[in-house]
Amino acid sequence: MSPERGPLAGRRIVVGVTGSIAAYKAVLLVRRLMERGATVDVALTRSAAAFVTPLTFASLTHRPVVSDVLDLDAEQQIAHIELAEAADAVVVAPATANVLAELAIGMASSSVTAIACASRAPVVVAPAMDAGMWTNPATQRNVATLREFGYLLVEPEVGSLASGLTGIGRLAEPGTIADTVERLFERAGDLEGLRVVVSAGGTREPIDPVRFIGNRSSGKMGTAIAEAARDRGATVTLIAGAMSVNPPPGVSVVNATTAQAMRQAVMREAPGADILVMAAAVADFAPKQASGRKIKRDGAELQVELVPNPDIIAEVAEMPTDIRPFLIGFAAESQDLEANAIGKLRDKGLDLIVGNVVGGPFDAIGSDENKVTVFGSEGALTDWPMLPKRQIAERLWDLIADRYRSARGPDGAQKEKAGRRPRAGSAGSRR
Ligand code: CTP
């Protein structure tokens, strides 16, 4: 599978390397994960850095390496906490007997154990040590504890050890560890059989043949959502407004650059679709009458009368239950994000709404990253940090797929009546 399409595409993996001679294999592990499309950050303990230097990993990943628990990142944030929050998975490889013990009792004295301790993402642990240490009852008890915590263990292998002896304790091969990490995200086919419609970009409401009222939407978020749905097996239609990015291959594209055109396209594509994600920034108003000829400057004031555009997603919400798709809207708010987003979700009759704050120091419009919160009718469902848009798309689909299935059942049959009544689904999970 190509790196752009596999389960690790767009995932952010933190590899924590601890002090074992097997630390050199972590270099290969990082490469394997990157080859499969993951963005990899590396944290090293002090003793790991004695085996392989931070520079090796920084050169490979082109990203800063965290080697001290007191390190700050470029934004002066505590690096290990930032990484712990942003990670989709943490992989401790190689994990020494000492690190297994630290993890089992919740110690966080190194950057690696601090990340594993602070992260809510799944943790994969690949031990490497002498056979005697591995079979020691204390180590085995620690391993059992970690399993109880839900950590995923990649068993060490039998082979020649650094001591010159042969026995169990060799770090699993980098490919085997990468396979285990990949299996965490094997939701590759979880949208198989579903028809998904995504709108993206902004609309442009013509004033005359050359001028329009528009907005700065780039279409990056909607495009990432369409792409991620395609990679999970959905049949995807992208309704593209004005965008600064190309639509992804492998999805059907319908161009619709005005609110009226977008309404028509959505009304044609949405009935019978399983899921509609309205990521487009639809202009709320359009000039009442677009001039057929270019308006000339004559020194006088120009009045452009604006009329409201139809609320497209609210119209879809009114569709009869059997053809109404599961509905996800977006809300960009400059204040009171939660109240405004949930208000829109209720008023428009949506199932989920993705909110983000605009107008602050960070400008998400056109950026490759954003910080979003997903809301259901019961409140906030996520607490995600700033993430690349493709990673947001993956997390969104994890959540949407779960909610869609709990609302409609595994076969897509509607369990509840849709319409203006928002549904309650299962609790949102982090992935
Ligand atoms: N939307 C829509 N049709 C419109 C306007 C918005 O379908 N005419 C959709 C957007 O694609 C988005 C959601 O509704 O998914 C919320 O958009 P937003 O512009 O924030 O909502 P508005 O109702 O226009 O609220 P506001 O007054 O804050 O602009």
Side-chain angles (χ1 to χ4, degrees), residues 7-8 13-36 38 40-52 56-57 60 87 89-117 119 121-186:
L8 287 178
I13 312 294
V14 176
V15 175
V17 186
T18 74
S20 150
I21 172 66
Y24 76 92
K25 285 195 189 172
V27 178
L28 298 173
L29 171 64
V30 169
R31 282 202 61 162
R32 297 283 167 277
L33 295 170
M34 288 172 64
E35 282 161 7
R36 297 182 194 193
V40 182
D41 286 290
V42 175
L44 292 174
T45 60
R46 237 170 254 244
S47 41
F51 288 99
V52 190
T56 309
F57 290 106
L60 187 60
V90 177
V91 187
V92 184
T96 60
N98 188 56
V99 162
L100 296 181
E102 283 198 10
L103 291 173
I105 57 169
M107 279 179 71
S109 53
S110 73
S111 56
V112 173
T113 47
I115 289 169
C117 194
S119 184
V123 181
V124 175
V125 179
M129 62 199 75
D130 167 73
M133 282 188 185
W134 174 250
T135 50
N136 182 293
T139 305
Q140 287 304 309
R141 193 180 58 195
N142 291 334
V143 168
T145 304
L146 294 181
R147 285 212 167 94
E148 263 171 48
F149 292 166
Y151 286 34
L152 259 162
L153 265 288
V154 188
E155 295 283 335
E157 294 173 358
V158 176
S160 60
L161 302 171
S163 59
L165 300 172
T166 298
I168 187 159
R170 253 164 69 125
L171 181 69
E173 286 308 312
T176 310
I177 303 172
D179 289 345
T180 306
V181 180
E182 195 166 76
R183 276 199 292 278
L184 289 172
F185 303 106
E186 257 174 9

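Start at 1 with the first residue, then count along the sequence.
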Subject >> Heavy-atom donor-acceptor pair, S119 side chain to I115 backbone, under 3.5 Å >> reply: no
**OP:** Mind running side chain to side chain contact (heavy atoms under 4.5 Å, CB included) on K25 and V52 for me, showing each step along the way?
**Re:** CA-CA 10 Å; K25 285 195 189 172; V52 190; over 6 Å; no
Subject >> Nearest heavy atoms of V112 and A43, plus distance in Å >> reply: CG2-O, 3.6 Å
**OP:** Evaluate the side-chain proximity of V40 to R32: yes if any heavy-atom separation is below 4.5 Å, no if none is.
**Re:** no
Original post:
Does G169 offer a backbone N or O that forms a donor-acceptor pair with the side chain of E157 under 3.5 Å?
Top reply: no
Subject >> Side chains of V125 and L103 in contact at under 4.5 Å (non-hydrogen atoms) >> reply: yes
Original post:
Sub-3.5 Å donor-acceptor pair from the side chain of T18 to the main-chain atoms of T96, do we have one?
Top reply: yes
Original post:
In Å, rounded to the nearest 0.5 Å, how long is the span from CH2 of W134 to CZ of R170?
Top reply: 15.0 Å
Original post:
Distance from L100 atom CG to R141 atom CZ, nearest 0.5 Å?
Top reply: 13.0 Å
**OP:** State the CZ-OG distance between R46 and S111, to the nearest 0.5 angstrom.
**Re:** 9.0 Å
**OP:** Indicate yes or no for a side-chain donor-acceptor contact from N142 to the backbone of A138 under 3.5 Å, with no hydrogens or angles considered.
**Re:** yes
Original post:
Is there a side chain to side chain contact (heavy atoms under 4.5 Å, CB included) between T56 and Y24 once you walk through the steps?
Top reply: CA-CA 10 Å; T56 309; Y24 76 92; over 6 Å; no
**OP:** Specify the closest pair of heavy atoms between A104 and T145, including all atoms of both residues, with the distance to one decimal.
**Re:** O-CG2, 3.9 Å
**OP:** Nearest 0.5 Å please: distance from the CD1 atom of I21 over to the CG atom of L171.
**Re:** 11.5 Å
**OP:** State the CZ-CG distance between R31 and L60, to the nearest 0.5 angstrom.
**Re:** 6.5 Å
Original post:
Does T139 reach the main-chain N or O of M133 with its side chain, forming a donor-acceptor pair under 3.5 Å?
Top reply: yes
Original post:
Which heavy atom in F185 sits nearest to a heavy atom in A89, and how many Å separate them?
Top reply: CZ-CB, 3.8 Å
**OP:** Please report the closest heavy-atom contact between A22 and P94, naming both atoms and the distance.
**Re:** C-CG, 3.8 Å
Original post:
For V154 and A172, which heavy atoms make the closest approach, and how far apart are they?
Top reply: CG1-CB, 3.6 Å
Original post:
Taking side chain as C-beta onward, heavy atoms only, is V15 less than 4.5 Å from F57?
Top reply: no
**OP:** Look up atom CE in M34 and atom CG in L8, then write down how far apart they are to the nearest 0.5 Å.
**Re:** 12.5 Å
**OP:** Over all heavy atoms of both residues, which pair between L161 and I168 is shortest? Give the atoms and the distance, please.
**Re:** CD1-O, 3.9 Å
